[in-house]
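Each remark here refers to the structure printed beneath this line.
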Amino acid sequence: MKKLPIIATVVAIGGVFLALSSAFVVDARQKALVLEFGDVKNVIEEPGLHWKIPFIQEVVLYDARILSLDTPSLEVTPKDNRRLVVDAFARYRISDLRKFRQAVGTGGTSKAEGRLVSILNAQLRAVLGEVDSGDILSADRAELMAKIRDGAIQQSLNLGLEVVDVRIKRADLPEANLNSTFERMQAERQREAADQRARGEEAAQRVRANADRQSLELVSSAQRDADIIRGEADAESNRVYAEAYGRDAEFFNFYRSLSAYEMALKGSNSSMVISPDSPFFEYFVDPLGAAAPQ
Amino acid sequence: MPYNSNSGGPWGGGGGNRGDDDQNKGQRPPPRGQQPAPDIDELMRKGQEKLKGIMGGGGGGGNGGGGGAGIGKGGFALIALAIVGLWGYNSFYTVKPEEKSVELFLGKFSKIGGPGLNFAPWPVVEAIVLDVSSERTENIGVGGAGRGSQGLMLTGDENIVDIDFQLVWNIDEPDNYLFKLENPQETIRAVSESAMREVVGRSDLAPILNRDREAISLEVQELVQATLNSYESGINIVRLNFDKADPPAQVIEYFRDVQAAEQDRDTSEKKADAYANTVLAQARGQSAELLQQAEGYRAQVVNIAQGEASRFIAVYDEYAKAPEVTRQRLYLETMERVLGDVNKVIIGEESGGQGVVPYLPLNQLTSGGSN
């Protein structure tokens, strides 16, 4: 009588315990494998509550989301033998759990990633080795990336992986070539700078020469005009003189000579020796004039 | 990453590993309202204690039955209340206005919770709260994680440009954000760097440096959004900013020198213009001066001529009226003035052939004349 409730509760507890170890939850972010003694019994892709045989079967959970993989820098040799350094990244997810488990066992994603990296590198080399470096660097990368991705998808099916995307993160010239590129850029800029300065000088010189020429023209033509004016002036004055003096040439001679005498002998620094016979002294000797008949 | 099960069973294993997961990928926003699932042993112990309480109350009825039963029943009630309170505390959670929550019913996606108080009964419903509308920023090119010379990118004409940019994003679809990508932030960084390099690789250097950034920024943004949408990531790109798009540090001084050279060219041309203006102005001035001088000369000469001419004519007109008299008068007046001033010596010749022999001490005369 006393023992019955004890037995009942023990059985109840046992029942609960059993139920708890047969049920498991798969999150929306996960997938699961149910293993019985290492053998794959069940593949769970849908999230929710699921059941298994307690103790005998175990559940292994895997990430159902898209996982990231970065490949380390890879040197590829395109068709024109101009080496490039390529960084790629891939996004993948586990598509076939059974195959995945078979391929990597308990190694999990780290082992899978190792295999995936080699697949990607091989694809990169194969696809990029068939085009020129110029195409890789500038033209349609999208096309090349699609090719690489498709190749990788094929190869990774055996691993139970689905490659969602492969993209080239960077495709550059190797580090060693950086310097030569910098030098070339430098040389180009220097040439451009020299060109600019030279053109400036050329334009300046042209302007200066033009200005010099124009100023010379201006001055010389002004000089010419001035000389013409002076010539005209001289001519005019000569005309005036001639017109005036021409009325009586003889009187002009007389009148002008008198002025000349006055101007030339001005001042007391001249000395003269005069004979009283000169016409000036006509009435000096004789009040009737020297011309008077004797 | 494979989750290995613990012997504890479903929730124990899941909870423990999820704890590890949080430590490894600290970038994800910490899920709230999640408790580490309790051990099965714990549960069993609690159940047994409850039962012992009941049984202790029933069994000890004989001896201190009343007292024992009272303690047992009261203690049981208290424990039950505490458990209910704990459960309630774990089953309700709040969502702030800028957040949304994703609820999983036994691991399956059930609904998206809005702002306010939400109910998620433990342990069957798990709620994860995410900050969806706040903007998050990724800086790419500026010394972040990565290899070597981060921001240097190759352009279409095989030049190198140094680019730093920022990507601003937030969450569009919280359920996809949680369920589709394992590392959303890393994916965003990788995709945007790849897109930027692709777009830069299609362009020449000059447009990038000369403010074509708007177009490039839009192109990269579209590419990144399209790629993320193809992953169903639930991420929304808000915008893309360029921090810097410059020539690399090694050659930037040469680029600046080109600008300096353009300035020099301008300066040379302006200086030449200034010179030209000066020289021409001087020439014009000089020309004007020459002409003016000539005019002045003309005026002077002509005036003098006219003056003298009219003076002569006036005198002549008078002369013409009485020639003899005027002539004599003029002569005498002039000689008067002339002889008046000079030093004179008058020597007559009629003193016969022998008179005074003139001996002119010329040097005395000239020096005497200078008195």
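Naming: A, B, ... by sequence-line order, numbering from 1 per chain. Hydrogens, waters and symmetry mates play no part in the numbers below; they use all other heavy atoms, side chains included.
A:D195 has no carboxylate O lying under 4.0 Å from a charged side-chain N of B:R265, or vice versa, which leaves the two without a salt bridge. Salt bridge present: A:E250 and B:R327 bring a charged side-chain N and a carboxylate O closer than 4.0 Å. A salt bridge does not link A:D234 with B:R298: none of the charged nitrogens is closer than 4.0 Å to a carboxylate oxygen.
Atom CZ in A:R197 sits 4.5 Å away from atom CG in B:D264 (nearest 0.5 Å). B:Q259 contributes atom CD, which lies 11.0 Å from atom CD of A:Q196 (distance to the nearest 0.5 angstrom). The CZ atom of A:R167 sits 6.5 Å away from the CD atom of B:E198 when rounded to the nearest 0.5 Å. To the nearest 0.5 angstrom, A:D248 atom CG is 12.5 Å from B:I313 atom CD1. A:R65 CZ to B:S233 OG: the interatomic distance, rounded to the nearest 0.5 Å, is 13.0 Å. Here the straight-line distance linking atom CZ of A:F254 with atom OH of B:Y319 works out to 7.5 Å at 0.5 Å rounding.
For the residue pair B:L280 and A:A211, the shortest heavy atom distance occurs at CD2-O, 3.9 Å. The shortest heavy-atom contact between B:A294 and A:I229 is O-CG2, 3.6 Å. Between A:L218 and B:A283, the shortest heavy-atom contact is CD1-CB, 4.0 Å. Scanning both residues, B:A276 and A:V207, for their nearest heavy atoms gives CB-CG1, 3.9 Å. Residue B:Y254 comes nearest to A:Q186 through the heavy atom pair OH-NE2, 3.0 Å, listed as atom of the first residue, atom of the second, then distance. B:L152 and A:D172 make their closest contact through O-OD2, 4.1 Å (heavy atoms, listed as atom of the first residue, atom of the second, distance).
The choice from B:V279, B:N159, B:L291 that makes the most heavy-atom pairs within less than 4.5 Å of chain A is B:N159. Of the listed residues (A:D165, A:V26, A:V164), the one with the most heavy-atom contacts under 4.5 Å to chain B is A:D165.
Both the backbone and the side chain of A:Q214 come within contact range of chain B, each with at least one heavy atom under 4.5 Å from a heavy atom of that chain. Contact annotation for B:V124: neither backbone nor side-chain heavy atoms come within less than 4.5 Å of a heavy atom of chain A. Residue contact with chain B, scored on non-hydrogen atoms closer than 4.5 Å, involves the side chain of A:R184 exclusively. The contact between B:L339 and chain A is made entirely by side chain atoms (from C-beta outward), counting heavy-atom distances below 4.5 Å. For A:T181, the part lying under 4.5 angstrom from a heavy atom of chain B is the side chain only. Using a 4.5 Å cut-off between heavy atoms, B:L181 contacts chain A through both its backbone and its side chain. For chain B, the nearby part of A:R91 is the side chain; its heavy atoms alone come within less than 4.5 Å. Proximity to chain B involves both the backbone and the side chain of A:V240, based on heavy atoms less than 4.5 angstrom apart. The contact between A:L173 and chain B is made by backbone and side chain atoms together, counting heavy-atom distances below 4.5 Å. Neither the backbone nor the side chain of A:A112 comes within contact range of chain B, judged by heavy atoms closer than 4.5 Å. With a 4.5 Å cut-off on non-hydrogen atoms, A:I168 touches chain B through its backbone but not through its side chain.
Heavy atoms of other residues, nucleotides or ligands lying less than 6.0 angstrom from OH of A:Y261 number 12 at most.
Taking 4.5 Å as the limit, every side-chain heavy atom of B:E186 sits out of range of all side-chain heavy atoms of A:F89. Inter-residue side-chain proximity for B:V301 and A:E236 is flagged as unmet; no heavy-atom pair is nearer than 4.5 Å. Counting heavy atoms from C-beta outward, A:F24 and B:L106 have side chains that stay 4.5 Å or more apart. The shortest distance between side-chain heavy atoms of B:R197 and A:R141 falls below 4.5 Å.
Between A:F251 and B:F312, the ring planes lie tilted relative to each other; the angle falls in the 30° to 60° range.
Stacking of A:R230 on the aromatic ring of B:Y297 is recorded, both the 6.0 Å distance cut-off and the 45° axial limit being met.
Between the side chain of A:S237 and the backbone N or O of B:V302 there is no donor-acceptor pair closer than 3.5 Å.
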